[in-house]
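Letters go in sequence order (proteins before strands), and every chain restarts at 1. In what follows, every heavy atom counts, from backbone to side chain, and hydrogens, waters and symmetry copies are set aside.
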Amino acid sequence: MSAVPELRITLAGSERAVAAGTTAGQALEADGRTVIAARVNGEPRDLAHELADGDVVEPITIDSDEGRAILRHSTAHIMAQAVQELFPEAKLGIGPPIENGFYYDFDVAEPFTPDDLKRIEKKMQEIVKQGQRFARRPVTDEAARTELAGEPYKLELIGLKGGASEAAEGAGVEVGAGELTIYDNLHPRTGELCWKDLCRGPHLPTTKVVPAFKLMRSAAAYWRGSEKNPQLQRIYGTAWESKDALKAYLTFLEEAEKRDHRRLGAELDLFSFPDEIGSGLAVFHPKGGVIRRAMEDYSRRRHEEAGYEFVYTPHATKGRLFEKSGHLDWYADGMYPPMQLDEGQDYYLKPMNCPMHNLIFGSRGRSYRELPLRLFEFGTVYRYEKSGVVHGLTRARGFTQDDAHIYCTPEQMPGELDSLLTFVLDLLRDYGLDDFYLELSTRDPEKSIGSDEIWEEATQILREAAEKQGLELVLDPGGAAFYGPKISVQARDAIGRTWQMSTIQVDFNLPERFDLEYQASDGSRQRPVMIHRALFGSIERFFAVLLEHYAGAFPAWLAPVQVVGIPITDEHVPYLERVAEKLRAEGIRVEIDSSDDRMQKKIRNAQKQKVPFMLLAGDEDAGKAAVSFRYRDGSQNNGVPIDEAVAEIVATVRERR
RNA sequence: GCCGGCGUGGCUCAAUUGGCAGAGCAGCCGCCUUGUAAGCGGCAGGUUAGGGGUUCAAGUCCCCUCGCCGGCUCCA
């Protein structure tokens, strides 16, 4: 036996002996390009991390989620170095990896210009080319304070160490819970210190192994996420394991831009936001109106079948109602300011439907036999969204909720929540969304009312209902509204983006505040449990999500124009009109293009309008009482007998395919 | 609300960096009569987001307001 002490480590599931002083990189025989870091006993570490006896070592590859996060974090450092070389007065904020990229915040006198970003990107290329080494160095708090005396924001983070998660989102990458470390960027040959940053790591072995990155944009961001703090200048970038992966990401962004509902809404003549009306207030044009009505009609039918009763309530009300509900206490900032009527009486536009529904419940004595009582309304509400957050149909100032409030006994609640969740998911699937996960939002003790027991119980019932669906369940601690816990349904769209859709909330507050009661079978008066639920959330927003999900190519049952008849020459218009009559008799939305455009142009127009069915007819078809299909995907089916063509279209629409 | 960018016919974009506001598409009127993504010709359309200022002269420079875009904060 040699005198060199040995360590026993676990590598790829099997035990091995290695010499003392072996690094994680050596043990893994990492090339530093594909395997760029290690997980040691579950913790991510640099490849240069020296192993200890009993360590369990696993590789982290650059194309894994964890690997990309390390790559992006390292790229953020490179960017910060570039910024400080070009702008020596820039002070560092934080610079964490985020989904699809990274950012770094800087305190600079002047905001960055697009031109500055180009210069920074160029400087980053130089740093990457140099191949500077990332070297980890533990420091004491005291030493860190001395070294970083010129970086006030970093000093603040050192002071918050341990409470980093509260310091700011992303601050955890700067200061971990344990000892402080500084990462030095060292020149590959001279070993000279090029730059350093307070950072928990781990990092890539060198800057050279950054395969592809791009700076995306700059914007202001509040220091530590609070609007009370000064704004720093944030630069967003992205970095990927290969040039192809970067390119794929940029292509994805382009695709998302093409699907933007604001763009498609104008292109397809669905809706608009006239300046004359005001920010965040949409008008639906006839084609958008058709889609919206088809969505609403189907939803109405399903709700009817599921035992909901339909109510209507006004858009404005005296302030007293929202004092009673508590909305004025909690959400006054988000409400339109009041108008004074009737000798100083304050009236508000309603931001919520629930108080009105409660008044309906309370309008007469209620029996346990009526429960669960399910009140449904397409209720239009108005919320004064701050000017900077208004965003097309997804964040509007006026919108319509498919809102329902369910009043039931405590015993009925578990069953009701269970069937409700099934109902919600089924209905969303009918609209073409089928990839879901659930989120359970729990109490924020700072911002809530009610006893611990009642929260605990309601949360548990919601959790059980959620788990029963067999879907992924994500926790959202502290995410609940002040009056009760909630489940939300998150849907992934056709290009993998997630949207919050339906919400189901238990409410302990309102039945109390409105003193709601029913008479139980034993004659006693009992307080009902109240469940709020919206399926689309907002119809406008759901419309936008579907528009983006389908990229404007709605399934036939929702398409504003389901069929366009295209005559080969003008002479075939009457023939197509007769076909159209048969379709209209079946409730199909059909138009005949009798403009003086050429047939090819008509096809192009229908194609651009994303019409599901084009029916062409010329002498060949007319001669055998047939039509020729051109489908949205460009494929054809020629010489189809009229009755068969009608049946095919009707079936597609009826079956909501 | 905060920071930055932007605003020219319905849409997409020009206009020598202060010197006569122009094109394509869409629209309207004709001609063409056509087999699976743009036939041809003509006509019409703008107080350059609105208001104020600088200047001999403003789409262009300055100020205010409105709106939009990208973020931050917020989102019952």
Side-chain angles (χ1 to χ4, degrees), chain A residues 103 105 110-114 169 216-236 257 260 262-263 266-267 269 272-280 322 325-335 350-355 381 383-392 394-397 401 403 447 479-484 486 500 503 505 507 509-510 532 534 537-538 541 566-572 595-609 614-621 628-632 634-639:
Chain A
Y103 66 79
D105 290 343
E110 294 293 323
F112 297 108
T113 65
E169 199 167 339
M216 305 302 286
R217 63 175 64 92
S218 64
Y222 297 108
W223 167 238
R224 291 178 58 205
S226 168
E227 58 185 333
K228 295 187 187 74
N229 288 337
Q231 289 196 335
L232 305 182
Q233 292 301 314
R234 173 172 297 180
I235 303 178
Y236 285 92
E257 204 177 307
D260 190 311
R262 294 164 300 185
R263 175 186 176 135
E267 278 175 14
D269 194 16
S272 59
F273 293 90
D275 287 355
E276 293 85 341
I277 295 179
S279 187
F322 292 115
S325 70
H327 288 108
L328 269 172
D329 287 344
W330 290 83
Y331 300 114
D333 286 349
M335 289 168 65
K350 70 170 168 182
M352 287 291 270
N353 301 301
C354 30
V381 297
R383 295 180 183 177
Y384 185 75
E385 300 289 358
K386 287 189 282 184
S387 63
V389 308
V390 169
H391 183 95
T394 57
R395 193 81 183 270
R397 283 181 172 169
Q401 296 180 310
D403 204 4
K447 280 166 62 175
F482 72 93
Y483 51 75
K486 109 182 147 186
Q500 180 181 310
T503 57
Q505 299 188 254
D507 187 341
N509 178 43
L510 287 183
H532 302 244
S538 128
R541 188 181 129 89
I566 299 180
I568 303 300
T569 76
D570 290 351
E571 293 156 29
H572 306 108
S595 70
D596 60 0
D597 286 327
R598 287 178 71 203
M599 177 263 306
Q600 286 86 342
K601 180 65 178 292
K602 293 179 183 183
I603 289 169
R604 179 182 151 86
N605 287 342
Q607 203 75 56
K608 283 193 0 178
Q609 287 298 306
M614 281 163 253
L615 287 184
L616 282 74
D619 288 338
E620 284 171 38
D621 297 288
S628 291
F629 276 99
R630 180 188 164 98
Y631 301 99
R632 195 154 49 189
S635 62
Q636 303 178 29
N637 186 13
N638 296 334

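Stem regions for RNA chain B, each three or more consecutive Watson-Crick or G-U pairs with both distances under 3.5 Å and listed by first number, read B:1-7 with B:66-72, B:10-13 with B:22-25, B:27-31 with B:39-43, B:49-53 with B:61-65.
Using a 4.0 Å heavy-atom cutoff across all strands shown, A:Pro351 reaches at least one base atom of the nucleic acid. Residue A:Lys447 is in sugar-phosphate contact alone, with no base atom involved, counting any heavy-atom pair closer than 4.0 Å across all strands shown. Among the protein residues, A:His391 comes within range of the sugar-phosphate backbone only, with heavy atoms under 4.0 Å from sugar or phosphate atoms but none that close to a base. A:Tyr483 comes within 4.0 angstrom of sugar-phosphate atoms only, judged by non-hydrogen atoms across all strands, and of no base. A:Ala220 comes within 4.0 angstrom of a base, heavy atoms only. Residue A:Ser279 is classed as a sugar-phosphate contact, given heavy-atom separations below 4.0 Å to backbone atoms only. Looking at heavy-atom distances under 4.0 Å, A:Arg395 makes contact with a base.
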Find every protein N or O atom lying less than 3.5 Å from an N or O atom of nucleotides 43-50 of chain B, and list the pairs.
none

Listed pairs, N/O of protein and of nucleotides 5-10 of chain B, under 3.5 Å:
none

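Between A:Tyr384 and A:Arg217, the one whose closest nucleotide on RNA chain B sits nearer the 5' end is A:Tyr384.
Here A:Tyr483 pairs with A:His532 under the ring-ring contact (aromatic ring centres under 6.0 Å, His included) rule; sequence neighbours left out. In this view, A:Tyr222 satisfies the ring-ring contact (aromatic ring centres under 6.0 Å, His included) rule with no residue, not counting sequence neighbours.
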When you check every protein heavy atom under 4.0 Å of nucleotides 28-42 of chain B, what one-letter string (B, S, -) results, 5' to 3'?
-> ---B-BBBBBBB---
